[in-house]
Each structure stands twice: as structure tokens, then as C-alpha cells.
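Here's the structure, in C-alpha cells; my notes come after.
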Amino acid sequence: EPGLGVSYNEALNRIFVRLMGEVQLEILTDIVRERSGVEISFGQGRAAYKETIVSPVEGIGHYEPLRHYAEVHLLLEPLKRGEGLKFETVCSGDDLDLSYQRLILTHLKEKTHLGVLTGSPITDMRITLCSGRAHIKHTEGGDFRQAVYRAVRQGLRSAQSVLLEPIYDYTIILPTEQSGRAISDIRRMNGSFLPPETQGENSIIKGRCPAAKMEGYQRELSSYTAGRGRLFRAFGGYDECADTEKIIEETGYDCDGDLENSADSIFCSHGAGFNVRWDRVREYMHLPSIIKLGRENEEIKPQKFEKTYSQIKAEDKELEEIFERTYGSLKRDKRQAFKPVKKKEIVYKAKPYVRPDKEYLLVDGYNIIFAWDELKKLAAESIDAARGRLIHILSNYQGYKKCELIIVFDAYRVKGSSREIEKNGGVSVIYTKERETADSFIERTARGIARKENARVRVATSDGLEQIIILGGGALRISANELYEEVKNAEKAIREYIEKNRT
């Protein structure tokens with residue numbers, strides 16, 4: 001049930017469920033007992049807080065251990081209450097390839113980014129990709145994931161954050177003589193109210209109140225009205241928390257100790273990576289700042305920049321020095337540049353065509369889910385449901401095409417996980433192990449099949465970098481849109497076959 005918002009906290013070894021009221025607690029307890037035979041209990045609940053920022057800020061993320069490279073600069077801007085998260089890019093394609101930009105936006109959307117006050121999810125914010133840099137040889141798909149996560153976190157650490165709490169829109173119906181007591185309680189709970197309306201012997205009070213304060217008020221209302229008072233609540237969005245300091249102290253969240261959500265960056269020096277604290281990243285960053293701070297209260301805007309020839313030469317020299325420290329000096333004869341080039345006639349011989357014995361299709365599962373609109377909408381409610389739907393769709397497609405179909409899901413961030421392989425009809429479903437990305441598994445598998453078998457290997461993904469690697473390994477690639485068209489054509493052919501055989 002997507003509305004329950006079930007999540008697991010590995011550090012606390014607890015399951016958290018998003019509920020509204022004690023009735024849902026009782027229903028959920030009964031359902032688990034009936035279906036699983038397990039008696040569960042619930043601890044004291046707490047409001048589902050969120051966090052946002054007060055003013056625009058730049059977030060910088062750099063990830064450069066040996067033979068890896070990625071740097072990302074983001075602009076984080078606050079939005080109006082209730083607008084949620086929005087992701088954009090204003091980065092020029094000349095500065096960063098469009099495939100990398102799409103990859104960065106995917107990484108921004110795929111993760112629940114946590115705030116720095118209580119570790120609650122962030123909201124009401126626009127995050128804009130303004131600049132970034134990749135290395136022509138050393139950048140891999142996972143490098144930008146690390147740089148993006150660190151850039152968001154570094155921006156949050158640099159900004160002034162605000163804690164938001166859920167608000168109820170409530171309606172209280174109670175005897176008129178008890179309305180004074182209700183109004184006093186609402187003020188005590190930091191709530192607001194409209195002038196009471198009279199309806200016969202009863203009064204109707206409407207307003208807004210923090211959800212945490214109003215929890216359990218139904219029992220109190222029933223007690224002092226002898227059961228005649230009724231409370232109706234509906235979720236009314238989020239607003240700034242009145243007890244921020246108290247909540248932060250009770251939560252005890254250590255943002256610097258949260259290693260899964262680090263704000264620090266990794267830089268390279270003398271052939272080895274080293275950690276740089278979030279507040280010193282500006283001293284080491286390779287790209288110039290993307291914001292220009294003006295006069296007080298002046299709007300912060302992205303700053304466009306161009307590299308000069310001397311800057312480019314200095315960067316190339318620095319990279320060459322790092323290469324020589326790592327792999328030894330480059331031995332080049334400078335006189336070779338002045339020798340004339342001898343032209344050789346190249347004769348191309350076409351290889352005879354050999355019909356493949358098998359056909360393989362490897363699918364990057366999460367990449368396809370977030371590329372297909374119907375699965376993307378489903379994933380917003382439940383990623384498990386989207387994953388199951390994709391497996392079902394491709395099972396039908398595999399039955400029609402009669403190919404070896406492998407779906408790979410990226411589980412590299414699941415601590416302690418080992419690689420899991422499931423068989424679903426004629427489809428192999430693989431969950432990667434810890435520290436193993438889907439694209440690295442697909443790359444190795446595609447190369448392995450090409451070496452061992454006379455097979456036609458295709459890989460379905462819209463990851464630009466992965467497509468380049470796949471082509472280099474001898475496999476064919478198809479985009480998410482091309483796979484979608486193939487699946488729809490297969491479904492159409494299956495329906496036509498069924499209709500034909502019915503008649």
C-alpha cells in the first residue's frame with residue numbers, strides 16, 4: 001500500500017510506517033496477524049518532518065579517487081510551501097555532454113536526499129545543474145552519482161536550513177458550552193482557528209494545527225465532552241516548525257557522522273585520493289563558482305564562464321604530471337613531429353557473415369523504469385510495483401521473441417548484499433551485489449558472452465556512457481524508447497494472433 005510509506009532504518013533496525021490515527025494502527029496489526037501469523041507492536045510515533053532552505057546556495061561535489069573523475073556544481077533555491085522538489089539544468093552542452101547531464105538529473109531524482117538538521121527528507125526546493133566536468137578516460141557512470149550526492153549535501157550544509165512539520169486542517173464539533181476549553185487547547189497546541197460557527201446546541205471550530213501537537217487529542221476531547229465532541233482531521237501540507245530546537249535535540253541527528261550522506265569531497269594528489277571537508281571544498285574545486293554574489297538582497301543568479309587558452313594548458317599540464325607520477329614518464333621524440341607522414345594503402349577485407357546461434361537482450365532495469373512514463377509514475381508510488389510491472393511486460397516480450405532476456409537491477413548501495421538471481425518464466429532477474437553497479441555488471445556480461453559464444457548481444461539502456469562502453473565491447477545497444485516500441489509491437493502481434501485463432 002503506497003500510502004503507508006513503509007521504510008526500513010538499518011541503523012535502528014526498525015520499520016517505519018506513515019499513518020494517520022490509531023484506527024489505522026489497529027487495522028494494520030490485524031492484517032499482519034491474519035496474513036503472516038505475526039504479532040507486531042508499535043512504538044510512540046513521531047511526526048514526519050521535512051527540511052528546506054531559506055536562501056539560494058551553491059552545492060559543490062567532487063569525486064576523484066585514482067582513475068575516477070567527476071565534479072558537479074548545483075544551485076539550490078527555496079520554493080513556496082507545497083511545491084516539492086524540482087530539477088532543472090542550465091548547463092551548456094559544450095561544457096558537459098548531454099548524456100552526462102541526463103545522468104546527473106537521474107541521480108538527483110533517484111535518491112531521497114536528507115536534510116542536515118534531523119536527517120528528514122528535503123522539500124520545496126529547486127535544484128539546478130549549472131556546471132560539471134568529466135574526464136575523457138577516467139569518468140565512469142558511478143562517479144557522477146557520488147559527485148551529485150555530495151554536491152546536494154554540501155549545499156545543504158552551507159545553507160540556512162528550516163525544519164518543517166506536517167499540519168492538520170481540522171474541524172471540531174462539540175457542545176457550545178465546551179467551545180472555550182477547545183479554543184484554549186488549540187492555542188496551547190500552537191494552532192490557529194476561525195471564529196466558531198453555531199449549529200443548534202453545538203459549535204463548529206475550524207483551523208490548522210501542527211500534527212504532532214494534535215496527536216491523541218480525540219481522547220481528550222471525548223473525555224471533557226462526555227463523548228459528544230468529534231474531531232475531523234485532514235493533511236494540510238507542511239509549515240515551519242514552532243519547536244525546532246526541541247525537535248533537533250530529541251532527534252539527536254549527527255549530520256557529520258552520517259557517512260551514507262557525506263558532504264565532503266574526494267580529490268586526488270600524488271596518485272592517491274584524499275578527503276576534503278565540506279567547508280573547504282571551494283579551496284580545491286576545479287571549476288569556478290557558478291554563482292555571483294551581488295549586493296545585499298540582490299538575487300543570486302548562475303554565472304556563465306569561459307576557460308581561457310592558458311587555463312586549458314595549465315589543466316592539461318597538471319593532468320599530465322599526475323599521469324607521469326602514477327605510470328612513469330612519457331618518452332616521446334619531439335623530432336617525430338617534423339618528419340613527413342608516409343601514406344599506406346589500407347586494404348579492407350570483409351569478414352564472412354556467420355549467423356548467430358543465440359540472441360541475448362540485457363536490460364538495465366531502473367534505467368528503463370525511469371525512462372518509460374507509465375513505469376515512472378508507478379515508481380513514484382511504489383518502486384517494487386514498478387519493478388514487478390517491468391518484469392511482467394518483458395516476460396511477455398521474451399515469450400514472443402524467444403531470446404535470452406536478462407534484467408539487471410542496481411543494488412550496489414544495499415549494505416552486505418550478495419548477487420541474487422531469480423528466474424521469472426523465461427526471464428533472468430539479477431540484483432547486483434554491494435558495490436557493484438548495474439552498468440558494470442552488464443558490461444562484463446556482454447563482453448563475456450561475446451567471447452565465449454556465437455551470439456548476438458543487445459543491451460537496452462538510455463545511459464549515454466554505458467552505450468559507449470557497450471559499443472566498444474562489441475554488443476549492440478538500443479535505447480529505452482526503441483525497446484518500448486519493440487515491446488508494443490510484440491504485444492500487438494500477440495493480440496492479433498489470439499484474435500485470429502479465436503475466429
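For the numbers below, each heavy atom of this structure counts, side chains included, while hydrogens, waters and symmetry mates do not.
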Do Arg282 and Glu58 meet the salt-bridge criterion of a basic N to acidic O distance under 4.0 Å?
yes
Decide whether a cation-pi geometry holds between Lys109 and Phe370; the criteria are a distance under 6.0 Å from NZ or CZ to the six-membered ring centre and an angle within 45° of the ring axis.
no
Determine whether a donor-acceptor pair (N or O, by modelled atom type, separation under 3.5 Å) exists between the side chain of Arg81 and the backbone of Asp239.
no
Testing the basics here: between Pro210 and Asn190, what is the closest heavy-atom pair and its distance to 0.1 Å?
CD-O, 3.6 Å
Should we count CZ of Arg230 as having more than 12 external heavy atoms under 6.0 Å?
no
Is the shortest side-chain N to carboxylate O distance from Arg208 to Asp169 below 4.0 Å?
yes
Would Arg181 and Tyr224 count as a cation-pi pair here, with the cationic atom under 6.0 angstrom from the ring centre and within 45° of the axis?
yes
After noting the C-alpha distance and the side-chain angles of Ile186 and Ile172, does the key distance pass the side-chain contact (heavy atoms from CB on, under 4.5 Å) rule?
CA-CA 11 Å; Ile186 292 166; Ile172 298 176; 4.1 Å; yes
Test item: Ser262 side-chain N/O and Asp264 main-chain N/O as donor-acceptor pair under 3.5 Å:
yes
Checking the side chain of Ser184 only, and the main-chain atoms of Gly180 only, is there a donor and an acceptor separated by less than 3.5 Å?
no
Let me confirm one number: the CD1-CD1 distance from Ile430 to Ile421, rounded to the nearest 0.5 Å.
4.5 Å
Would you check if Val408 and Leu362 make a side-chain contact, meaning some heavy-atom pair closer than 4.5 Å?
no
Ile407 vs Arg387 side-chain heavy atoms within contact, under 4.5 Å:
no
Would you say CZ of Arg187 has more than 12 non-hydrogen atoms from neighbouring residues, nucleotides or ligands within 6.0 angstrom?
no
Side chain Trp372, main chain Ala480, donor-acceptor under 3.5 Å
yes
Is it true that the side chains of Glu110 and Tyr149 contain a donor and an acceptor less than 3.5 Å apart?
yes
Main chain of Gly115, side chain of Arg153: is a donor-acceptor contact present, judged purely on distance under 3.5 Å?
yes
Is there a side-chain contact between Glu165 and Ile167 in this structure, where contact means two heavy atoms from C-beta onward sitting under 4.5 Å apart?
yes
When rounded to the nearest 0.5 Å, the distance separating CD of Glu177 from CD of Glu201 is 8.0 Å
Residue that, paired with Met125, satisfies side-chain contact (heavy atoms from CB on, under 4.5 Å) out of Leu79, Val152, Ile53:
Ile53
Ignoring hydrogens and angles, tell me if any N or O in the side chain of Gln178 forms a donor-acceptor pair with the backbone of Pro175 under 3.5 Å.
no
Using modelled atom types and a 3.5 Å cut-off, is there a donor and acceptor pairing between side-chain atoms of Asn275 and backbone atoms of Ile266?
no
Got a second to check how far Ile173's CD1 is from Glu197's CD, nearest 0.5 Å?
10.0 Å
Salt bridge or not between Arg157 and Asp256? Use side-chain N to carboxylate O under 4.0 Å.
yes
Indicate whether any N or O donor in one side chain lies under 3.5 Å from an N or O acceptor in the other, for Asp97 and Ser99.
yes
How long is the gap from NE2 on His107 to CZ on Phe87, to the nearest 0.5 Å?
13.0 Å
Indicate yes or no: does Lys376 engage Asp373 in a salt bridge with an N to O separation below 4.0 Å.
no
Between Ser161 and Glu51, do the side chains contain an N or O donor and an N or O acceptor separated by less than 3.5 Å?
no
List the residues meeting side chain to side chain donor-acceptor pair (under 3.5 Å) with Gln218, not counting sequence neighbours, and say none if there are none.
Ser222
Quick check: do Leu85 and Leu108 have side-chain heavy atoms less than 4.5 Å from each other?
no
Measure the spacing between CD1 of Ile248 and OH of Tyr49 and express it to the nearest 0.5 Å.
10.5 Å
Electrostatic pair Glu381:Arg389 at N-O distance under 4.0 angstrom
no
Which one of Phe441, Tyr366, Phe409 satisfies the ring pair (Phe, Tyr, Trp, His ring centres under 6.0 Å) criterion with Tyr431?
Phe409
Roughly how far apart are Asp254 CG and Asp258 CG, rounded to 0.5 Å?
8.0 Å
I'd like to know if Glu249 pairs up with Lys246 as an ion pair, taking the criterion as any Lys NZ or Arg NE/NH1/NH2 lying under 4.0 Å from an Asp or Glu carboxylate oxygen.
no
More than 12 heavy atoms of other groups within 6.0 Å of Arg35 CZ
no
Thr52 side chain to Thr123 side chain, donor-acceptor N/O pair below 3.5 angstrom:
no
Using a strict threshold of under 4.0 Å (side-chain N to carboxylate O), is an ion pair present between Arg280 and Glu283?
yes
